[in-house]
Amino acid sequence: MKLNIASSLLATIIISLISVSIGYLIDYLGIYPGKSIEPIFTSFFLLFFLFLLFRRRIIDFLMVKIFNLFFANINKHSGLVKIYENFNDASDDIKNDFKISSNVSIFIQLGRGVIGGKHSLLFDEARGRVDKNFKFRVLFSNLDSKWLSHERAEKRNSNHREWEVVVGYNIDNVSVLECAGVNLEAREHSEPYLWRLFFFDNTLYFIPYLYERNNSHKAHVYKFKHIENGPPSFYTVFKSYYEDIWEKNKNNIVKKTKE
């Protein structure tokens, strides 16, 4: 409700600024009613129409930018330092943090675009991390999980066989990375579809599941920083959660399928 009010207020301000700007421009150029003003009003109404049509995306974009520019510093207690429009927007920063971190822990579901082979987000980068000081942990969904059941696939009009292939592909690629010399341990979990978590040495990328489909394209990504010798941040909270899930699944280690 508060977000809708803020969005409406922002839309009103933007429209008012556009109207005032056009008024000043007309006055400055000495343009008066007549044929010469028709193109200006036509352009104005076209811009107004486009704004109404795409107002959700425009306002969403502006809210993210305004936060990142002006409000990030007041979030010291939560550790929130940046908001990305979607997963693709955050992907470069995720890869950069992966390259410089010594300890990486990831919590995903199917994760077909994360470690799912060549051209996925982290597969090529992980294959190059064979240094002894690097430790990589991955938790991804077990095919026996109720969240990947035949019933759930039918309910959301998904292909269960495709899920089976993706999970198998994850297992195979874990083996590929291990055989390449990467210090990687993977375990399967049966947790619900709530979020994805990417932990690095000092940062966490948090991606909530807000949408039934195309979540990576629609949902914001929140970046939290680990605060040394400071108040607890969301990094600390979710890291405790991760460690609990990791320990709970100590018997669900993904074994090598290739030598």
Asks: Among Trp246, Phe98, Phe238, Tyr235, find the one that has a ring pair (Phe, Tyr, Trp, His ring centres under 6.0 Å) with Phe199.
Replies: Tyr235

Asks: For a quick test of reading the model, state the closest non-hydrogen atom pair linking Ile253 to Glu185 and the distance between them.
Replies: CD1-OE2, 3.7 Å

Asks: When rounded to the nearest 0.5 angstrom, what is the spacing between CG in Asn252 and CZ in Phe140?
Replies: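 Here the interatomic distance stands at 10.5 Å.
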
Asks: Is any side-chain heavy atom of Glu125 closer than 4.5 Å to one of Lys99?
Replies: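 Yes, side chains in contact.
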
Asks: Kindly compute the distance separating NZ (Lys218) from CG (Asn86), expressed to the nearest 0.5 Å.
Replies: 12.0 Å

Asks: Under 3.5 Å, which donor-acceptor pairs link side chains of residues 102-111 to any protein atom two or more places apart or in another chain?
Replies:
unit_1 : atom_1 : unit_2 : atom_2 : d
Ser105 : OG     : Arg137 : NE     : 3.2
Ser105 : OG     : Arg137 : NH2    : 3.0
Gln109 : NE2    : Pro192 : O      : 3.1

Asks: Indicate, with yes or no, if the rings of Trp195 and Tyr241 have centres closer together than 6.0 Å.
Replies: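 Trp195 vs Tyr241: aromatic centres under 6.0 Å.
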
Asks: Applying ring-ring contact (aromatic ring centres under 6.0 Å, His included), can you list everything that pairs with Tyr222, at least two apart in sequence or on another chain?
Replies: none

Asks: Side chains of His217 and Asn88, heavy atoms from C-beta outward: is any pair under 4.5 Å?
Replies: no

Asks: Quick one: does any side-chain atom of Arg129 pair with a main-chain N or O of Ser101 as donor and acceptor, under 3.5 Å?
Replies: yes

Asks: Could you list the residues that satisfy ring-ring contact (aromatic ring centres under 6.0 Å, His included) with Phe224, not counting sequence neighbours?
Replies: Phe234

Asks: Over all heavy atoms of both residues, which pair between Trp163 and Ser158 is shortest? Give the atoms and the distance, please.
Replies: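 Scanning both residues, the minimum pair turns out to be CZ2-CB, 3.6 Å.
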
Asks: Tell me, please, which residues at least two apart from Phe198 pass ring-ring contact (aromatic ring centres under 6.0 Å, His included).
Replies: Phe87

Asks: Report yes if some heavy atom in the side chain of Val174 is under 4.5 Å from a heavy atom in the side chain of Leu184; otherwise report no.
Replies: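 In contact.
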
Asks: Looking only at heavy atoms, what is the nearest atom pair of Glu191 and His189, with distance?
Replies: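 For Glu191 and His189, the tightest heavy-atom pair comes out as N-ND1, 3.0 Å.
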
Asks: Taking the side chain as every heavy atom from C-beta outward, state whether Thr236 and His226 have any atom pair closer than 4.5 Å.
Replies: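 Contact flag for Thr236/His226 side chains = yes.
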
Asks: Among residues at least two apart in sequence or on other chains, which ones pass side chain to side chain donor-acceptor pair (under 3.5 Å) with Asn183?
Replies: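 Partners of Asn183 under the side chain to side chain donor-acceptor pair (under 3.5 Å) test: none.
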
Asks: Any sub-3.5 Å donor-acceptor pair from Asn215's side-chain atoms to Tyr211's backbone N or O?
Replies: yes

Asks: Can you find a heavy atom in the side chain of Asp93 that is under 4.5 Å from one in the side chain of Tyr84?
Replies: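 A side-chain contact exists here, since the closest heavy-atom pair is under 4.5 Å.
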
Asks: Considering residues, nucleotides and ligands other than Asn159, do more than 12 of their heavy atoms fall under 6.0 Å from its CG?
Replies: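 Buried by this count: over 12 neighbours within 6.0 Å.
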
Asks: Are side-chain heavy atoms of Val176 and Asp172 found at a separation under 4.5 Å?
Replies: no

Asks: Between Val182 and Ala126, what is the shortest heavy-atom contact and its length?
Replies: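 Scanning both residues completely, I find the closest heavy atoms to be CG2-O, 3.1 Å.
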
Asks: Would you call Arg127 and Asp124 a side-chain contact if the rule is heavy atoms closer than 4.5 Å?
Replies: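 The answer is yes; the side chains approach within 4.5 Å.
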
Asks: Would you give the length of the straight line joining atom CG of Asn173 to atom SG of Cys179, rounded to the nearest 0.5 angstrom?
Replies: 11.5 Å

Asks: OG of Ser190 to CG of Leu143: how many Å apart, nearest 0.5 Å?
Replies: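 Taking OG in Ser190 and CG in Leu143, the distance rounds to 10.0 Å.
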
Asks: Search all heavy atoms of Pro208 against all heavy atoms of Ala219 and return the closest pair with its distance.
Replies: O-CB, 3.7 Å

Asks: Can you find a pair of side-chain heavy atoms, one from Leu210 and one from His220, that are under 4.5 Å apart?
Replies: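 The answer is no; the side chains never approach within 4.5 Å.
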
Asks: Taking atom NZ as the centre, does Lys135 end up with more than 12 heavy-atom neighbours from other residues, nucleotides or ligands that are less than 6.0 angstrom away?
Replies: no

Asks: In terms of side-chain heavy atoms, does Asp97 have a donor or acceptor partner in Tyr205 at a distance below 3.5 Å?
Replies: yes

Asks: Would you say Leu122 and Val130 are hydrophobically clustered, going by side-chain heavy atoms of ILVMFWY under 4.5 Å?
Replies: yes

Asks: Please evaluate residues Val167 and Leu148 with respect to the criterion side-chain contact (heavy atoms from CB on, under 4.5 Å), reporting the C-alpha separation (whole Å), side-chain torsions for both, the decisive distance (0.1 Å), and the verdict.
Replies: CA-CA 10 Å; Val167 172; Leu148 294 180; 4.3 Å; yes

Asks: Begin from the C-alpha positions of Leu204 and Lys239 and carry the test side-chain contact (heavy atoms from CB on, under 4.5 Å) through to its verdict.
Replies: CA-CA 9 Å; Leu204 159 66; Lys239 193 64 186 297; over 6 Å; no

Asks: Please answer: with hydrophobic residues joined when any side-chain heavy atoms are less than 4.5 Å apart, are Tyr209 and Trp147 in the same cluster?
Replies: yes

Asks: Can you list every pair that meets salt bridge (charged side-chain N to carboxylate O under 4.0 Å, His left out) and has a residue in residues 196-212, with sequence neighbours left out?
Replies: Arg156-Glu212

Asks: Give the minimum heavy-atom separation between His160 and His150, together with the two atoms involved.
Replies: ND1-CE1, 3.2 Å

